[in-house]
Amino acid sequence: MASARAYRPPRRAAEDQGPLPDVRPPAPGAGPRPERDALKNAPEDPSEGVDTGSARDAKDARDAQDTATEKDGTTDQDPAGEDRPEPPHAVLKSLLGAWALAACSAEETAAVEAHLTDCAACADEALRLRDAVGLLHPADSLDLDPLLRSRVLEGCLGRRPARIPVPEWAGPYDAETAKLDALLRDMGESEWRAPVRLRWFENDREAGRTTTVAGVIGHLMSVDGLVATALGLTDPLGAEIPADSPTDPTERTLAYWRTAVHEDSPLATREPWREQTHALIRTVAFAGRGAAELAVPYGDFRLPLRDSLLERAFECWVHAGDIADAVDYPYEAPAAHHMHGMVDLAARLLPSALAVRRRAGLATPPRRLVEAGTPGRTLHLEVEGNGGGHWYIALDSPGALGTPDHTVAHIALDSVEFCQLAAGHVSPEDAAAGQHGERDAIRDVLFATASLSRL
């Protein structure tokens with residue numbers, strides 16, 4: 001950037017002016033003779049009004065003034081405050097870029113703007129530079145947007161659809177694993193060893209366990225292995241599959257953690273998890289429509305593949321948030337239509353969860369038994385915000401129909417709050433829920449929602 005001091009045009013080198021003159025060194029004792037120079041430059045005819053003595057006195061005064069200026073570092077402005085001569089065109093043109101960026105000093109800015117009123121070429125160049133500066137973006141975070149991959153793919157596929165498109169029901173899993181992969185991409189080994197607290201709800205009480213970032217990724221990979229084996233892919237646990245309960249998510253995770261491979265090389269955990277997620281997406285894309293109903297076992301219950309991948313997307317988002325909290329990094333909620341699918345899956349699982357809790361003596365007995373497929377007592381679940389909606393939960397039997405006409409209670413929650421409740425990150429007593437109607441029905445549904453969570 002140009003100096004804030006007075007303009008001094010660049011001085012050309014002597015050799016740029018042609019051959020150097022043959023200058024003899026001055027004789028010893030020789031020096032400047034102001035008196036002789038003044039007399040030499042004086043007019044030949046004294047009658048022209050030039051007084052030789054006055055001229056000599058004036059030149060001596062100017063020499064003294066120049067000497068004082070050089071000593072105290074003052075500018076070329078005279079004591080009367082008159083403006084200096086305008087800097088050369090080349091100097092002012094070189095300042096146009098700094099002027100457009102507002103990086104000039106006050107003196108430089110004034111000189112450039114004064115020059116622009118007289119020089120059409122520089123004025124045009126200044127306008128082009130100022131327009132270019134307007135196109136520059138403000139300083140942003142160097143971290144990649146986790147949704148960048150999804151937006152790029154959406155834009156590309158919108159112009160040229162893929163030969164084998166990813167099924168719509170697999171979209172949430174594809175998006176959430178891509179977001180988590182973006183979060184993990186630039187982590188160092190120390191961050192992979194950062195402690196992460198996993199939380200869930202068990203036996204009507206909050207439960208938890210502390211692991212590392214690498215341990216969380218190993219947990220996701222182990223449970224995703226249930227989907228992989230259902231599709232005929234390799235089980236990531238290999239020889240470590242628990243013999244007694246090979247499809248129980250908790251037992252599979254504990255078996256993986258016992259190997260402690262992720263502790264020896266935490267950075268090596270991301271690559272097999274990432275390859276497995278890509279393999280799952282490729283496989284369901286080529287499997288065709290019939291794969292959506294393929295059963296995936298989860299211990300004592302099963303889910304169709306379309307719901308299984310939705311459940312895996314939900315858990316990936318929840319645990320990615322746990323990792324982001326551990327490394328102090330912001331993390332966004334799923335897209336609205338993906339969030340809606342996750343809430344819908346939890347709402348559809350609630351009647352079965354209520355029945356399980358009722359058999360265990362943890363929920364109130366049914367008030368009235370009805371035949372399967374007929375309306376029964378209903379709770380209206382209203383989920384507000386991103387991806388929300390309205391669901392009607394059958395209270396007395398999983399086979400009954402929930403309908404607005406048979407509503408006996410109403411719960412209203414934010415979508416993120418509902419998902420945090422279903423993940424076991426918020427207790428039923430602390431959930432910020434609007435409630436109206438039968439208190440027992442409201443309590444049963446809130447606790448059944450929390451019971452959907454697990455390690």
Side-chain angles (χ1 to χ4, degrees), residues 1-18 65-160 175 178-188 190-191 320 323-325 327-333 335:
M1 186 177 70
S3 170
R5 297 187 57 191
Y7 292 101
R8 295 187 181 276
R11 185 178 59 188
R12 296 183 179 182
E15 56 268 28
D16 293 341
Q17 306 298 322
Q65 177 75 22
D66 292 342
T67 302
T69 300
E70 293 176 359
K71 287 183 179 181
D72 61 13
T74 56
T75 65
D76 293 340
Q77 191 178 46
D78 62 23
E82 297 179 358
D83 294 335
R84 299 182 304 275
E86 182 180 284
H89 172 84
V91 174
L92 294 171
K93 184 177 180 180
S94 69
L95 289 171
L96 291 179
W99 173 83
L101 292 168
C104 288
S105 66
E107 289 183 356
E108 292 168 342
T109 300
V112 169
E113 293 177 351
H115 177 68
L116 296 180
T117 61
D118 299 327
C119 180
C122 286
D124 291 341
E125 179 69 15
L127 288 176
R128 285 193 294 269
L129 291 173
R130 183 57 65 87
D131 291 341
V133 169
L135 297 176
L136 297 178
H137 294 287
D140 292 327
S141 171
L142 297 179
D143 294 324
L144 292 177
D145 183 353
L147 295 176
L148 177 61
R149 178 175 181 269
S150 297
R151 288 202 300 268
V152 171
L153 288 175
E154 183 179 356
C156 294
L157 295 176
R159 291 169 175 81
R160 182 179 180 183
K179 283 170 54 182
L180 176 55
D181 187 45
L183 172 62
L184 302 175
R185 182 178 295 115
D186 297 326
M187 278 191 179
S190 60
E191 291 175 308
I323 293 173
D325 291 341
V327 298
D328 194 21
Y329 192 88
Y331 203 77
E332 296 183 0

Tightest non-hydrogen contact, residues Pro87 and Leu92, listed as O-CD1, 3.6 Å
I'd like to check the side chain to side chain donor-acceptor pair (under 3.5 Å) partners of Arg130; sequence neighbours left out, ordered by chain and number. none
Suppose the criterion is ring-ring contact (aromatic ring centres under 6.0 Å, His included): which pairs have a residue in residues 92-112, not counting sequence neighbours? none
From Asp325 CG over to Tyr331 OH, what is the distance, rounded to the nearest 0.5 angstrom? 11.5 Å
Could you tell me which residues satisfy side-chain contact (heavy atoms from CB on, under 4.5 Å) with Leu129, sequence neighbours excluded, listed by chain and number? Leu96, Ala100, Glu125
Distance check, rounded to the nearest 0.5 Å: Glu191 atom CD versus Asp328 atom CG? 10.5 Å
How close do Ala320 and Leu183 get, counting heavy atoms only, and between which atoms? O-CD2, 4.0 Å
Let me see the working for Arg185 and Asp181 under side chain to side chain contact (heavy atoms under 4.5 Å, CB included), right down to the final yes or no. CA-CA 6 Å; Arg185 182 178 295 115; Asp181 187 45; 4.1 Å; yes
Pairwise side chain to side chain donor-acceptor pair (under 3.5 Å) hits with a residue in residues 89-98, at least two apart: His89-His115
